[in-house]
There are 2 protein chains.
Amino acid sequence: MDEPRRTVLVIEDELPIRRFLRAALGAQQLHVVEAANGADGLALAASAAPDVILLDLGLPDIDGLEVLARLREWSTVPVIVLSARGQEADKVRGLDAGADDYLGKPFGVPELAARIRVALRHGDREAAPASVYANAGLRIDLHSRAVTRDGVPLHLSPRQYRVLAVLARHAGRVVTHAQLLREVWGEASDASPDYVRIAIHELRHRLEPDPVRPRWLRTEPGVGYRLIDDAGG
Amino acid sequence: MDEPRRTVLVIEDELPIRRFLRAALGAQQLHVVEAANGADGLALAASAAPDVILLDLGLPDIDGLEVLARLREWSTVPVIVLSARGQEADKVRGLDAGADDYLGKPFGVPELAARIRVALRHGDREAAPASVYANAGLRIDLHSRAVTRDGVPLHLSPRQYRVLAVLARHAGRVVTHAQLLREVWGEASDASPDYVRIAIHELRHRLEPDPVRPRWLRTEPGVGYRLIDDAGG
DNA sequence: AGCCGCCGTTAAGGTTCCGTAAACACGGGC
DNA sequence: GCCCGTGTTTACGGAACCTTAACGGCGGCT
């Protein structure tokens, strides 16, 4: 229901087509990020961390296939090529260069949406890194959403889990109050820092043997909180 | 240069097309296995463990989309649909039913070969999921659609089985309400989350010794449900 | 010393979410 | 045509949860 909104990066130089895609994809509940040339596209592919990329081949600065090749040096994000060049040889070149799909213009929005859904399915199955925090009996598996202490499963409320997950993702480092509010309660939220305090309190009560002397959830006065990681930090 | 030869399963009723594909794919250093109808195709998908499947939609015994749906109950092998029906609505249906790609006839061999290479890349990145769930007396065989508890076969309605199958495929991990709705009720469905709640309720009543204290079908408040897997959470 | 900000703790109220029951429509088998 | 299993839809009580507020302790600053 409240699944995280997926991000699609559109790399396309023609403004009308960008506008068209923005409207069409926005209607599919997708978050759209746009780049008008290859250089910006590559930069956004890194900074915006899109779930799928739509790539036009006729770009003004860098050749589309070159963009694809540079992207594939470090990313496996699904790429769907949109091209006016619909010749078979072009398709083969694009697909062999690392594209996951190839749509010749003109294309229908329903088909594009369906192929994006396919790409998102692929991305889901692939983006399953070994994201597990384990330290002195406490184990947080971000993939299966399971928290155990000494092998005993712990029950956490949605809020509590999200707070803990953010801390686990930055294990060993300090996470500021503002950062926690942003990542848990959302960007546009008027939530007060009090929420964090209470969530931490509840978390300590559920997973700390002695909540008064926290072993894992350490307070950094004036800054935020830190999930202790003996290994690194 | 002695890479393991990849296997392609061709499910296609027309003999001339099978012959054509056998020749074309053989020339690409692919090992070709053939099925002339849906039933044989499903059987071969299990026994021959192909790396990719080419599926024609116009089969004599089972509808192609039905073959795809049954296959997807236990396998994630890449499927490329080959169809004379090239209308956009057909493509969307096929892709949403679980296909990874959709080629309208007639197609060129180079493009087909390129799209097969894409599918093989995808297949490499993902691990083959177990097709049988077994945990503390409960056993779910995704191949034969059989569910037993302590050796006793349980009767489940189609809807109930599909919900349980999705959970079994993600055993140990949380499956969100939205994900269950998508995978059971379909991509473009306005079904309400209430359906999931009721399906779970019915499932618990049929397979939990004490439905009030579920042993397998654990609810994750605010998120979804989880099929407990003691081995690998 | 006294004030103030930060943090931990507790409690209460309102809301959301879940489990459960029941009514209705639909289709297949007999 | 009738019965039964199934899927859909609505409704409701209770529990869990989030928010909000308030209080006290501790330390730093003036």
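By convention in this document, chain letters (A, B, ...) are assigned in the order of the sequence lines, proteins followed by strands, and residues within each chain are numbered from 1. This is a predicted model, so every value here is computed, not measured.
Between His155(A) and dA15(D) there is no side-chain polar atom (N or O) within less than 4.0 angstrom of OP1 or OP2. Checking the phosphate oxygens (OP1, OP2) of dC6(C), no side-chain nitrogen or oxygen of Tyr225(A) falls inside 4.0 Å. Residue His177(B) places at least one side-chain N or O under 4.0 Å from the OP1 or OP2 atom of dC18(C). Contact annotation: Ser192(B) side-chain N/O to dT8(D) OP1/OP2 distance is not under 4.0 Å.
No option in Lys105(B), Arg18(B), Arg19(B) other than Lys105(B) meets the salt bridge (Lys or Arg N to Asp or Glu O under 4.0 Å) test with Glu12(B).
Protein atom CD1 of Ile200(A) is 12 Å distant from nucleotide atom C1' of dC7(C), rounded to whole Å. Atom CD of Glu202(B) is separated from atom P of dA22(C) by 14 Å (rounded to the nearest Å). For the pair Gln160(A) CD and dC17(D) P, the computed distance is 7 Å after rounding to whole Å. Here the C1' atom of nucleotide dG27(C) and the CZ atom of Arg159(B) are 14 Å apart, to the nearest Å. Put simply, NE2 on His201(B) is 15 Å from P on dT6(D), counting in whole angstrom units. We find that CZ of Arg206(A) is positioned 12 Å from C1' of dC18(D), with the value rounded to whole Å. For Asp194(B) and dC12(D), the CG to P distance is 14 Å, given to the nearest whole Å. Computed from coordinates, the Leu156(A) CG to dC17(D) P distance equals 9 Å when rounded to whole Å.
Ranking dG7(D), dT19(D), dC18(C) by closeness to the Trp185(A) side chain, first place goes to dT19(D). Considering only side-chain atoms of Val212(B), the nucleotide from dT6(D), dC7(C), dT20(C) that sits closest is dT20(C).
Summarising the geometry, atom CG belonging to Asp101(A) is positioned 10.0 Å from atom CD1 belonging to Ile116(A); distances are rounded to the nearest 0.5 Å.
Nucleic acid contact class of Arg218(B) (heavy atoms, under 4.0 Å, all strands): none. Contacts of Thr219(B) with the nucleic acid, taken as non-hydrogen atoms under 4.0 Å apart, involve only primed sugar atoms and P, OP1 or OP2. At the heavy-atom level, Ile198(B) lies under 4.0 Å from base atoms of the strands shown. Across all strands, Pro211(B) comes closer than 4.0 Å to no nucleic acid atom at all (heavy-atom distances).
The backbone N or O of Ile80(A) sits nowhere less than 3.5 Å from a side-chain atom of Asp100(A) that would complete a donor-acceptor pair.
Ring geometry for Tyr225(A) against His177(A) counts as perpendicular: the plane angle is over 60°, on a 0 to 90° scale with 30° as the lower cut.
Residues Arg197(A) and His205(B) each lie close to DNA chain C; by heavy-atom proximity, the contact nearer the 5' end of the strand is made by Arg197(A).
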**Message:** Determine whether Arg204(A) and Thr219(A) satisfy the following criterion, side chain to side chain donor-acceptor pair (under 3.5 Å), listing intermediate values before the conclusion.
**Reply:** CA-CA 11 Å; Arg204(A) 286 212 256 244; Thr219(A) 291; 3.2 Å; yes
